[in-house]
Chemist: 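Next up is a structure, given as structure tokens.
Excluded from the calculations below are hydrogen atoms, water molecules and symmetry mates; all remaining heavy atoms, backbone and side chain alike, are included.
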Amino acid sequence: MPELPEVETIVRGLHGDLVGRLFIGATVLWGREIHGLSPSEFADRLVGQRVVGLRRRGKYIVSDLSRDVLLIHLKMSGRLYVAAAGQNTEHDRWVRVAFHLDNGRELRFSDARKFGRVYLVADEAEVTRNLGPEPLADTFTLEAFRALLAGRRGMVKSLLLHQGFIAGVGNIYADEALWHARIDPRRNVNTLEATEIERLYHAIRQVLETGIQLGGTTVSWYRQPDGTPGGYQSRFRVYDRAGEPCPNCGAAIRKIWLGQRGTHFCESCQR
DNA sequence: CGGACAACCTGGCGGC
DNA sequence: TGCCGCCAGGTTGTCC
């Protein structure tokens, strides 16, 4: 589900509900989603810590606490939302961890597929040290992107999905960015020309920024914290549109598999 | 290092 | 209606 725009939307939506609050307990309903700690160790360590900040790093939701750092990765089907204790909502059936707050409300981590992970660590680098740069940071310039690509090889789509290369891009925004940049996802990055690198750089930033503006992409599980769907699916040019006409040239959009991921593109526009 | 693939899981959907 | 197979926004580890 969640790529950079969805995670960013969630962080922004939860900020007011969480920052300044105190954790007074945690109920763990699926222990394997907690990394490295038993459910009781996790709850004991969390209780008494205050939320100092909430931010995003790649696809991780990062909460700075009074002593530790709480990180949550939503993987494919994770959702995060705040509700009053006792109040029922649509996705409660799949809640794996409930974080109890000091104001009678709770943060719920719902995750149908159980791939998601929660980390409570003293040093966030334990979790995020292998992530590449943030594609929307001011420091991520065209020059920085060029430098990042220097000496790399392999299929461009696979590289975009590699979190150690750039943090936050996933399958939807990778396919969409490559369409906007008019680059075939199978191209080896060591064959990209300067103009193509420049188009790709702008396309990556543009699709991610638009994704954030529209509150993310809802295909199935993802909702904003207030329950409303995102809107970026209305901007899809190729993703989930196999067989439909390319918005640019009208040719049928193809779907192939690259690595284990479905890949959508226009063979006529993307070279 | 790059690529292929299995594993981790459940739910929804199309086909029969 | 019921069952079966396939597909899904992600990551990690193994093997070649």
Side-chain angles (χ1 to χ4, degrees), chain A residues 1-10 29-36 56-61 71-80 90-97 109-119 126-132 148-178 185-191 204 207-208 210-212 214-224 229-243 255-264:
Chain A
M1 165 223 341
E3 304 181 31
L4 186 155
E6 291 74 43
V7 176
E8 181 67 28
T9 300
I10 288 166
L29 295 98
W30 190 257
R32 271 187 279 180
E33 299 223 348
I34 309 287
H35 176 84
R56 180 191 59 73
R57 172 75 174 102
K59 299 175 190 173
Y60 290 88
I61 294 144
L71 300 99
I72 298 177
H73 198 301
L74 303 171
K75 293 287 177 80
M76 299 286 265
S77 59
R79 279 208 56 199
L80 268 185
E90 182 193 355
H91 287 248
D92 291 342
R93 177 179 161 196
W94 301 287
V95 169
R96 309 304 180 196
V97 184
F109 179 29
S110 165
D111 181 21
R113 292 181 69 180
K114 298 178 175 172
F115 286 175
R117 287 294 177 273
V118 175
Y119 306 81
E126 289 177 44
V127 182
T128 61
R129 79 178 128 216
N130 291 325
L131 291 180
L148 210 55
L149 280 166
R152 307 289 303 228
R153 50 199 181 83
M155 284 185 291
V156 61
K157 162 105 185 243
S158 302
L159 197 57
L160 291 182
L161 294 181
H162 178 35
Q163 301 301 295
F165 175 67
I166 295 177
V169 177
N171 207 36
I172 290 177
Y173 295 94
D175 280 3
E176 293 296 311
L178 287 165
R186 299 165 293 189
R187 282 278 295 284
N188 190 318
V189 291
N190 68 15
T191 71
I204 291 167
V207 298
L208 295 175
T210 306
I212 293 170
L214 296 182
T217 295
T218 294
V219 176
S220 58
W221 293 102
Y222 168 76
R223 296 292 183 284
Q224 300 183 55
Y232 192 77
Q233 62 280 7
S234 70
R235 300 292 179 91
F236 283 174
R237 299 297 185 258
V238 285
Y239 185 82
D240 202 24
R241 296 192 64 235
K255 180 175 185 184
I256 62 172
W257 267 260
L258 288 191
Q260 297 293 98
R261 314 304 302 278
T263 297
H264 315 74

Chemist: Applying a 4.0 Å non-hydrogen cut-off, can you work out what A:R117 is touching in the nucleic acid: base, sugar-phosphate, or nothing?
Modeler: nothing
Chemist: A:Q163 has a side chain; which of B:dG11, C:dA8, C:dT11 sits nearest to it?
Modeler: C:dT11
Chemist: Between P on B:dA4 and CD1 on A:I256, what's the gap in Å once rounded to a whole number?
Modeler: 11 Å
Chemist: How does DNA chain B look in dot-bracket form if you count Watson-Crick and G-U pairs under 3.5 Å, write [ ] for pairs that cross, and put | where a base pairs with another strand?
Modeler: .|||||||.|||||||
Chemist: Who pairs with A:D240 by salt bridge (Lys or Arg N to Asp or Glu O under 4.0 Å), at least two apart in sequence or on another chain?
Modeler: none
Chemist: Which is true for A:Y173 with a 4.0 Å heavy-atom rule: it touches a base, it touches only sugar-phosphate, or it touches nothing?
Modeler: nothing
Chemist: What is the distance, rounded to the nearest whole Å, between atom CD of A:E6 and atom P of C:dA8?
Modeler: 17 Å
Chemist: Which nucleotide, B:dG11, B:dT10, B:dG3, lies nearest any side-chain atom of A:R93?
Modeler: B:dG11
Chemist: Could you give the NZ-to-P distance, from A:K255 to C:dC6, as a whole number of Å?
Modeler: 14 Å
Chemist: Counting heavy atoms from C-beta on, name the nucleotide in B:dG11, B:dC8, C:dT11 closest to the side chain of A:R32.
Modeler: B:dC8
Chemist: With DNA chain B as reference, determine whether A:Q260 or A:R152 sits nearer its 5' end, using the nearest nucleotide of each.
Modeler: A:R152
Chemist: When we call it a touch if two heavy atoms are under 4.0 Å apart, what does A:R96 touch: a base, just sugar-phosphate, or nothing?
Modeler: nothing
Chemist: Which nucleotide, B:dG2, C:dG10, C:dC7, lies nearest any side-chain atom of A:R153?
Modeler: B:dG2
Chemist: Without decimals, in angstroms, what is the distance between A:K59 NZ and C:dT11 C1'?
Modeler: 9 Å
Chemist: Please determine, by modelled atom types, if A:Y173 and A:E6 share a side-chain donor-acceptor pair under 3.5 angstrom.
Modeler: yes
